[in-house]
Engineer: 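This structure is in structure tokens; I'll ask about it shortly.
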Amino acid sequence: MIRRELESARFEGRTAGELAASAPGASAAEIAEFLVRDGTAIRVGKDRYYTRVHLEEAVGKVLAEVQARGKATPSELRSALGLTRKYLIPILEWMDAQGLTVRDGDARRATQP
């Protein structure tokens, strides 16, 4: 149930609280952390979870857009992913922390050409 909820969330991911609401009676945070340890999910920030497949797809789209433009602002990237800032910014911050992008003023640029 939790895995299906994460799959349906796509690029928005789900928080532990949102997962708990979709799977009453289960310890959603524990299950989500198990999926992280298992390698099928990735935690972004304190408690937003994504399937590995969807987060990697989002990262690929962001990097493609950034590389095509040289650098891209969140508003430019929003349209590429179809996300609001609420969902986009945590992904961008995670990408910065992973060394995939670096913040350059208001924009992001790729760390690898």
Engineer: Between Glu18 and Arg48, is a salt bridge (Lys or Arg N to Asp or Glu O under 4.0 Å) present by the stated rule, with each step listed?
Structural biologist: CA-CA 9 Å; Glu18 291 166 337; Arg48 184 163 290 278; 3.7 Å; yes
Engineer: Indicate yes or no for a side-chain donor-acceptor contact from Thr111 to the backbone of Gly99 under 3.5 Å, with no hydrogens or angles considered.
Structural biologist: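 Here the side-chain-to-backbone pair exists.
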Engineer: Atom CG in Asp106, atom CD in Glu76: separation rounded to 0.5 Å?
Structural biologist: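 CD of Glu76 is found 10.5 Å from CG of Asp106.
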Engineer: Heavy atoms only: give me the nearest Arg85-Pro90 pair and the separation to one decimal.
Structural biologist: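 Result for this residue pair: O-CD, 4.0 Å.
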Engineer: Working to the nearest 0.5 Å, report the span between NE2 of His54 and CD of Glu7.
Structural biologist: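 Atom-to-atom, His54:NE2 and Glu7:CD are 7.0 Å apart.
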Engineer: Of all heavy-atom pairs between Ala16 and Ala29, which one has the smallest distance, and what is that distance?
Structural biologist: CB-CB, 4.0 Å
Engineer: Nearest 0.5 angstrom please: Lys71 NZ to Arg69 CZ, how far?
Structural biologist: 12.5 Å
Engineer: Please report the C-alpha distance between Ile31 and Leu19 in whole Å, then the side-chain angles of each, then the deciding distance to 0.1 Å, and finally whether the side-chain contact (heavy atoms from CB on, under 4.5 Å) criterion is met.
Structural biologist: CA-CA 9 Å; Ile31 294 169; Leu19 292 171; over 6 Å; no
Engineer: Are the side chains of Glu93 and Arg108 in touch, meaning some heavy atoms are under 4.5 Å apart?
Structural biologist: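 A side-chain contact exists here, since the closest heavy-atom pair is under 4.5 Å.
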Engineer: A side-chain contact here means heavy atoms from C-beta on lying under 4.5 Å apart; do Leu92 and Val62 qualify?
Structural biologist: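 Answer yes - side chains close enough.
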Engineer: Please tell me whether Leu63 and Ile42 are part of a single hydrophobic cluster in this structure, the criterion being side-chain heavy atoms less than 4.5 Å apart.
Structural biologist: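 Hydrophobic grouping puts Leu63 with Ile42.
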Engineer: Using the salt bridge (Lys or Arg N to Asp or Glu O under 4.0 Å) rule, collect all pairs that involve residues 49-60, keeping only residues at least two apart or in two chains.
Structural biologist: Arg10-Glu57, Arg52-Glu56
Engineer: Specify the closest pair of heavy atoms between Ser8 and Glu5, including all atoms of both residues, with the distance to one decimal.
Structural biologist: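 The pair with the smallest heavy-atom distance is OG-O, 3.0 Å.
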Engineer: Quick one: does Glu12's side chain have a donor or acceptor within less than 3.5 Å of a partner on Ala9's backbone?
Structural biologist: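 No; judged by distance alone, with no hydrogens or angles, the pair does not exist.
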Engineer: What are the two closest non-hydrogen atoms of Tyr50 and Tyr87, and how far apart are they?
Structural biologist: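 Where Tyr50 meets Tyr87 most closely, the heavy atoms are OH-O, 4.0 Å.
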Engineer: Mind checking whether Leu55 and Trp94 have side chains closer than 4.5 Å, heavy atoms only?
Structural biologist: yes
Engineer: Is any side-chain heavy atom of Leu35 less than 4.5 Å from a side-chain heavy atom of Tyr49?
Structural biologist: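 They are not in contact (no side-chain heavy atoms under 4.5 Å apart), so the answer is no.
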Engineer: Stepwise, does the side-chain contact (heavy atoms from CB on, under 4.5 Å) test hold for Leu77 with Ile91?
Structural biologist: CA-CA 11 Å; Leu77 295 168; Ile91 292 172; over 6 Å; no
Engineer: Hey, does Thr40 have a side-chain heavy atom less than 4.5 Å from the side chain of Leu6?
Structural biologist: no
Engineer: Would you name the heavy atoms of Val66 and Ala110 that are closest together and state the gap between them?
Structural biologist: CG1-N, 3.2 Å
